[in-house]
Amino acid sequence: MATRALSAEQFESEVAAGRSFAGAKIGQIDLSGRVLRGAKLSGATLQRVVLSGADLTGADLSGAQIAGCTLQVAVLAGCSLSGAVVIDGKLSGADLRRADLTDCRMLRADAASADLSEAKLRGTVLIDAHLEGAKLRGATLDGTRLEGAHMSGADLHSAHIERSSLARADLTRADLSHARVTDSILHRANLKDADLSSATIHQSVLADADLTGAKLPRTLTASLLEGAKFQADALTGADLSHSDIDGLAVPGADLSGANLEGSSLRGANLRGANLEGAKLSQANLAGCDLEGARLGGAQIRACFLDRVNLRGTDLGGQALEMVYLSGADLAGASLRGATIARSFLREANLRDADLTRAAFRTGSLAGADLTGALLERATFEGINFGPADLRAIPLRSLSIVRCAFYQANLREMDLSDCDLTDCNFSEADLTGAIFGRAVLVRTTFRGAKLELAIFEGAHAKYACFADASLSGARMSTAKLPYALFVRADLRAVNLSRCDLRGAVFAGARAEGALLTAATLAEADLAYADIRNAEVTGADFHRAVLHATLDDGVVWGTARAETARRDDVPRLEAEAFQPPPPPRR
């Protein structure tokens with residue numbers, strides 16, 4: 001309703017008398033300094049009303065339309081502006097303590113230095129508003145829109161900010177200490193020199209935010225900080241767990257004791273950073289630059305470190321479990337005494353790395369470059385070395401058990417004195433390799449190239465040489481009980497004084513082999529070709545010589561009296577051809 005023209009004194013008097021101005025249209029009246037406590041102005045339209053210094057404590061302005069009004073240093077403590085629309089409002093220095101601004105829209109508002117302590121700003125729109133130096137201590141900002149707001153020096157101590165947007169807001173030197181920020185957007189916000197100490201930030205977006213010189217919170221979890229700027233020493237001991245900090249660039253940063261569990265720091269520049277005691281479990285550091293970083297005491301478990309730069313980094317004594325280091329650059333790094341368990345270092349660069357006493361347990365080094373690496377007393381268990389060229393790796397005398405070297409190039413490698421129990425060298429090229437005194441129990445060489453290889457003194461019980469090519473190999477004195485040489489090429493192999501009890505040579509080619517003084521008791525040589533072999537002093541006690549080709553063999557002093565020669569029923573059975581089906 002429209003109101004009759006009232007003087008400032010009359011208006012003040014009627015408000016004091018309890019008159020309601022709900023829905024009224026009030027314009028062009030100067031109410032500066034007037035006492036209008038508890039004024040009933042819900043739904044009213046106020047145009048170009050001057051209320052500078054007026055006392056509107058507890059006034060009801062809910063749903064009001066306020067345009068071009070001056071409210072500088074006005075007292076609006078405890079008033080209701082819920083659902084109100086304020087256009088071009090001049091509220092600088094106004095007292096809005098405990099005011100209710102729920103769903104209020106303040107367009108082009110100037111509330112610099114206003115006091116909004118403990119105010120309710122649920123769903124409030126303050127886009128591009130001027131709030132420099134404003135007090136919002138303990139205020140509730142729930143779903144509040146402050147995009148581009150000018151809030152330098154604002155006091156947000158203990159404010160509760162939830163589901164709000166402060167994107168591009170200028171919060172330079174703002175006090176956010178003890179504030180709680182949840183599910184909010186501060187994308188590209190300027191937080192230079194802001195005080196976030198003791199604040200809690202959770203599930204919020206601070207991508208490309210400028211936090212240079214800011215006092216950061218100890219808790220900044222499950223948040224997006226990609227491209228954010230930090231001071232090098234601002235993250236010490238911070239809780240950044242489950243946050244997205246991709247592209248973080250703080251070389252030399254002090255992240256000691258920081259909690260980065262489950263966080264993503266892909267492509268971050270942390271060269272020379274201090275990560276001592278940091279928690280990195282389940283973190284994604286793929287493509288990070290960590291060259292020269294300090295990682296002493298860091299918890300590194302279930303991490304993604306693919307393509308990471310760790311050149312020259314000291315990881316000595318570390319326990320790395322379920323770590324993915326495929327394509328990582330560890331050239332010159334120290335892993336002395338480290339334990340690398342259930343980890344993958346495919347195509348990793350370990351040139352000149354110090355792996356002294358390092359323990360690799362279950363994982364992959366397929367394609368890794370270990371040229372020049374120090375491997376003294378290193379141990380490998382359950383490691384897949386893949387089909388790579390491993391000739392530059394010094395493996396002599398090492399413990400390498402249950403490892404896979406499928407199709408690997410190990411030509412002329414010195415593997416003497418190694419423990420290679422349960423290893424798999426199937427189809428590997430081991431031409432001229434040396435296995436002197438090596439432990440090869442249950443080791444598989446199926447289809448491997450072993451021409452001219454040396455096995456003298458090796459312990460190879462239950463080893464498998466099926467389909468392997470061993471021509472010209474030297475195996476004298478090797479212990480090979482129950483080994484499998486099925487269809488193996490053993491031409492001109494030196495097996496003198498070998499323990500071959502129970503070994504299976506079925507279908508093997510051993511022409512000209514040297515079996516002098518070898519023990520072949522219970523061995524199976526069925527269909528083997530041992531023509532022209534030297535068997536002087538060999539023991540064939542109860543050996544199976546069924547259909548064995550032995551032309552040119554001089555049995556002489558060989559003990560073959562109890563050997564089981566051609567088994568006629570077996571030959572008949574093996575030659576049996578079923579009759580053709582009857583014609584119909």
**Asked** Quick one: does Asp142's side chain have a donor or acceptor within less than 3.5 Å of a partner on Thr144's backbone?
**Response** no
**Asked** Do Arg377 and Ser399 meet the criterion of a side-chain donor-acceptor pair at a distance under 3.5 Å?
**Response** no
**Prompt:** Do the side chains of Val181 and Thr200 get nearer than 4.5 Å, heavy atoms only?
**Reply:** no
**Complete:** The reported gap from CG in Leu345 to CZ in Phe360 (rounded to nearest 0.5 angstrom) is 6.5 Å
**Asked** Are side-chain heavy atoms of Leu6 and Glu14 found at a separation under 4.5 Å?
**Response** yes
**Message:** Test of understanding: with side chain to side chain contact (heavy atoms under 4.5 Å, CB included), list the residues that count as partners of His157, not counting sequence neighbours.
**Reply:** Arg137, Asp155, Asp175, Ser177, His178
**Prompt:** What are the two closest non-hydrogen atoms of Val86 and Cys104, and how far apart are they?
**Reply:** CG2-SG, 4.2 Å
**Prompt:** Quick one: salt bridge (charged side-chain N to carboxylate O under 4.0 Å, His left out) pairs with a partner in residues 97-112, sequence neighbours left out?
**Reply:** Asp88-Arg108, Asp95-Arg97
**Fill in**
Between the OG atom in Ser343 and the CE atom in Met322, the distance rounded to the nearest 0.5 Å is 8.5 Å
**Steps toward ring pair (Phe, Tyr, Trp, His ring centres under 6.0 Å) verdict (Phe380, Phe385)** = CA-CA 10 Å; Phe380 300 88; Phe385 285 88; 5.5 Å; yes
**Prompt:** What residue pairs, at least two apart or across chains, pass salt bridge (charged side-chain N to carboxylate O under 4.0 Å, His left out) with a residue in residues 221-231?
**Reply:** none
**Message:** How long is the straight-line distance from CG of Leu280 back to CZ of Phe304, given to the nearest 0.5 Å?
**Reply:** 13.5 Å
**Request:** Begin from the C-alpha positions of Asp183 and Arg163 and carry the test salt bridge (charged side-chain N to carboxylate O under 4.0 Å, His left out) through to its verdict.
**Result:** CA-CA 5 Å; Asp183 294 322; Arg163 296 181 294 110; over 6 Å; no
**Message:** For Asp314, is there any backbone N or O sitting under 3.5 Å from a side-chain donor or acceptor partner on Ser334?
**Reply:** no
**Main-chain N/O of Asp195 paired to Ser197 side chain as donor or acceptor, under 3.5 Å** = no
**Prompt:** With sequence neighbours excluded, what pairs up with Glu347 under the side chain to side chain contact (heavy atoms under 4.5 Å, CB included) test?
**Reply:** none
**Request:** Using the salt bridge (charged side-chain N to carboxylate O under 4.0 Å, His left out) rule, take Lys40 and Asp60 through it: C-alpha gap first, then chi angles, then the decisive distance, then the call.
**Result:** CA-CA 5 Å; Lys40 299 173 182 177; Asp60 183 1; over 6 Å; no
**Asked** Going through the checks in order, is the side-chain contact (heavy atoms from CB on, under 4.5 Å) test met by Arg311 and Asp329?
**Response** CA-CA 6 Å; Arg311 293 178 71 90; Asp329 190 350; 3.0 Å; yes
**Prompt:** How far apart are the closest heavy atoms of His242 and Ser263, and which atoms are they?
**Reply:** N-OG, 3.0 Å
**Item:** Non-hydrogen side-chain atoms of Ile383 and Thr362 separated by less than 4.5 Å
**Value:** no
**Request:** Using a 4.5 Å cut-off on heavy atoms from C-beta on, say whether the side chain of Arg180 contacts that of Thr182.
**Result:** yes
**Message:** Tell me the closest heavy-atom pair linking Cys403 and Gly382, and the distance in Å.
**Reply:** SG-N, 3.8 Å
**Prompt:** Is there side-chain contact between Leu196 and Lys215, with heavy atoms separated by less than 4.5 Å?
**Reply:** no
**Message:** Under the criterion side-chain contact (heavy atoms from CB on, under 4.5 Å), I'd like the reasoning laid out for Val401 against Asp422: C-alpha separation, chi angles, the key distance, then a yes or no.
**Reply:** CA-CA 6 Å; Val401 299; Asp422 290 313; 5.8 Å; no
**Least distance between heavy atoms, Leu225 atom then Ser243 atom** = CD1-CB, 3.8 Å
**Request:** Please name all residues satisfying side chain to side chain contact (heavy atoms under 4.5 Å, CB included) with Val73, sequence neighbours left out, ordered by chain then number.
**Result:** none
**Complete:** d(Ile201 CD1, Leu220 CG) to nearest 0.5 Å is 4.5 Å
**Asked** Heavy-atom distance under 4.5 Å between the side chains of Phe344 and Asn384, does that happen here?
**Response** no
**Prompt:** Can you check side-chain contact (heavy atoms from CB on, under 4.5 Å) on Leu56 and Cys79, steps first, answer last?
**Reply:** CA-CA 7 Å; Leu56 287 150; Cys79 77; 5.6 Å; no
**Asked** To the nearest 0.5 Å, what is the distance between CG (Leu166) and CD1 (Ile161)?
**Response** 6.0 Å
**Message:** Strictly distance-based, threshold 3.5 Å: is any side-chain N or O of Ser82 a donor or acceptor partner for the main-chain N or O of Thr102?
**Reply:** no
**Item:** Minimum heavy-atom distance between Ala228 and Leu248, given as atom pair plus value
**Value:** O-CD1, 3.9 Å
**Asked** Between Ser223 (side chain) and Gln203 (backbone), is there a donor-acceptor pair under 3.5 Å?
**Response** yes
**Message:** Looking at Ser7, is its backbone amide N or carbonyl O close enough to the side chain of Gln10 to form a donor-acceptor pair, meaning the two atoms are under 3.5 Å apart?
**Reply:** yes
**Request:** Verify the distance criterion only: is there a donor paired with an acceptor across the side chains of Asp210 and Asn190 at less than 3.5 Å?
**Result:** no
**Heavy-atom side-chain proximity of Leu270 to Leu255 below 4.5 angstrom** = yes
**Message:** So Asp306 and Leu325, do their side chains get closer than 4.5 Å, heavy atoms only?
**Reply:** no
**Asked** With distance as the sole test, does Thr313 use its side chain to make a donor-acceptor pair with the main-chain N or O of Leu310 at under 3.5 Å?
**Response** yes
**Message:** Between Gln318 (side chain only) and Leu295 (backbone N and O only), is there a donor and an acceptor less than 3.5 Å apart?
**Reply:** yes
Could you go through residues 116-123 and list every donor-acceptor pair under 3.5 Å that involves a side-chain atom there, pairing it with any protein atom two or more places apart or in another chain?
residue: Ser117; atom: OG; partner: Asp115; partner atom: OD1; Å: 2.6

**Prompt:** Can you list the steps and then say if Glu261 with Lys279 is a salt bridge (charged side-chain N to carboxylate O under 4.0 Å, His left out)?
**Reply:** CA-CA 6 Å; Glu261 291 183 350; Lys279 296 177 181 178; 5.1 Å; no
**Prompt:** Would you say the side chains of Ser241 and Asp239 form a donor-acceptor pair under 3.5 Å?
**Reply:** yes
**Request:** Begin with the C-alpha distance, continue with both residues' side-chain angles, and end with the deciding distance and a verdict on side-chain hydrogen bond (donor to acceptor under 3.5 Å, both in side chains) for Thr379 and Arg361.
**Result:** CA-CA 8 Å; Thr379 58; Arg361 302 280 182 267; 3.0 Å; yes
**Item:** Non-hydrogen atoms of Leu101 and Met106 that approach each other most closely
**Value:** CD2-SD, 3.6 Å
**Fill in**
Value for NE2 (His202) from CD (Glu162), rounded to nearest 0.5 Å, stands at 10.0 Å
**Request:** Report the C-alpha separation of Leu36 and Phe11 in whole Å, then their side-chain angles, then the decisive distance to 0.1 Å, and conclude whether the side-chain contact (heavy atoms from CB on, under 4.5 Å) test is met.
**Result:** CA-CA 9 Å; Leu36 304 169; Phe11 192 88; 3.8 Å; yes
